[in-house]
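Worksheet: one structure, shown below.
Worth saying up front: this structure is predicted, and the values here are computed from it rather than measured.
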Amino acid sequence: MIKLLPLLLTLSFFTIACSTPEEAQTETQAETASTTSGQQIESAKINLVSPNPQESVKMGDNTLVVEVIDPQTQKPVAVENLDVNVSMPMEGEEEMTSMAKVEPDAQPGRYKINTNFGMKGKWNVVTQVKDPKLQGQANYTFDVK
């Protein structure tokens with residue numbers, strides 16, 4: 001057991017020394033995300049209101065509607081920042097991306113996402129709440145015809 005301790009310490013040192021700065025930064029960001037000023041960050045749910053993901057979506061300009069649900073009240077809640085990434089995987093190439101303009105809807109906690117599906121195929125929409133008190137993420141896939 002005593003002979004193993006120096007070996008384990010040496011292996012631990014090399015593992016830490018060989019980790020990339022990105023890995024260390026990701027771990028730090030994850031720790032920071034779990035607490036802000038000593039407060040616990042809640043995990044919000046993001047629901048797709050429209051269109052129905054089982055239905056195909058037309059190529060071109062589209063408006064998606066999502067709502068952010070407060071985990072405590074189970075009701076829609078307004079958030080400071082809703083980040084949206086729209087992309088289409090391309091075989092053997094970088095994925096195709098599309099702009100996503102997010103604006104609040106008439107109902108509190110609902111957001112319109114204006115985007116353009118520029119080509120037929122499977123498109124991924126990743127929504128992420130980045131609020132000081134709430135965090136959450138949802139991924140949707142649309143079959144664009």
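- Within the 3.5 Å criterion, the main-chain N or O of F117 finds no donor-acceptor partner in the side chain of S98.
- In this structure, M88 CE and W123 CH2 are separated by 6.5 Å, a value rounded to the nearest 0.5 Å.
- Between the side chain of D131 and the backbone N or O of K133, at least one donor-acceptor pair lies under 3.5 Å.
- Here the straight-line distance linking atom OG of S50 with atom CD of E55 works out to 10.0 Å at 0.5 Å rounding.
- Side-chain atoms of K75 and V77, non-hydrogen and from C-beta on, never get closer than 4.5 Å to each other.
- The structure places OG of S56 at 6.5 Å from CG of D143, a figure rounded to the nearest 0.5 Å.
- If you take CD1 on I46 and CG on N139, they are separated by 9.0 Å, rounding to the nearest 0.5 Å.
- For the pair G109 and P76, the tightest heavy-atom approach, listed with the atom from each and the gap, is CA-CB, 4.1 Å.
- Put simply, NZ on K101 and CG on N116 are 14.0 Å apart, with the number rounded to the nearest 0.5 Å.
- A 4.5 Å side-chain heavy-atom check between I113 and T127 finds at least one atom pair inside the cut-off.
- For the residue pair P89 and E95, the shortest heavy atom distance occurs at CA-CB, 4.0 Å.
- Hydrophobic clustering places L48 together with V68 (ILVMFWY residues linked when any side-chain heavy atoms are closer than 4.5 Å, directly or through intermediates).
- With no hydrogens or angles considered, a side-chain donor-acceptor pair links T63 and N114 at under 3.5 Å.
- V65 and V125 are members of different hydrophobic clusters when ILVMFWY side chains are connected at heavy-atom separations under 4.5 Å.
- Counted within 6.0 Å of CD on E103, heavy atoms from surrounding residues, nucleotides or ligands total more than 12; the atom is thus considered enclosed.
- Remark: Q107 engages R110 in a side chain to side chain donor-acceptor pair (under 3.5 Å) (not counting sequence neighbours).
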Evaluate the side chain to side chain contact (heavy atoms under 4.5 Å, CB included) criterion for residues L64 and K112: first the C-alpha distance (whole Å), next the side-chain angles of each, then the deciding distance (0.1 Å), finally the verdict. CA-CA 6 Å; L64 315 175; K112 292 180 186 176; over 6 Å; no
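- Y140 is connected to M119 through a chain of hydrophobic side-chain contacts under 4.5 Å among Ile, Leu, Val, Met, Phe, Trp and Tyr, so both are in one cluster.
- When the side chains of ILVMFWY residues are joined at heavy-atom separations under 4.5 Å, either directly or via intervening members, V126 and V49 end up in two distinct hydrophobic clusters.
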Audit row: M99, V86, side chain to side chain contact (heavy atoms under 4.5 Å, CB included) steps and yes/no: CA-CA 7 Å; M99 67 82 193; V86 180; over 6 Å; no
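- Without hydrogens or angle criteria, Y111 side chain to V79 main chain gives a donor-acceptor distance under 3.5 Å.
- Put simply, NZ on K130 and CD on E80 are 13.5 Å apart, with the number rounded to the nearest 0.5 Å.
- Note on V84 and I69: separate hydrophobic clusters, where clusters join Ile, Leu, Val, Met, Phe, Trp and Tyr whose side-chain heavy atoms are under 4.5 Å apart, directly or indirectly.
- With a 6.0 Å radius and a threshold of 12 heavy atoms from other residues, nucleotides or ligands, K58 has its NZ atom above the threshold.
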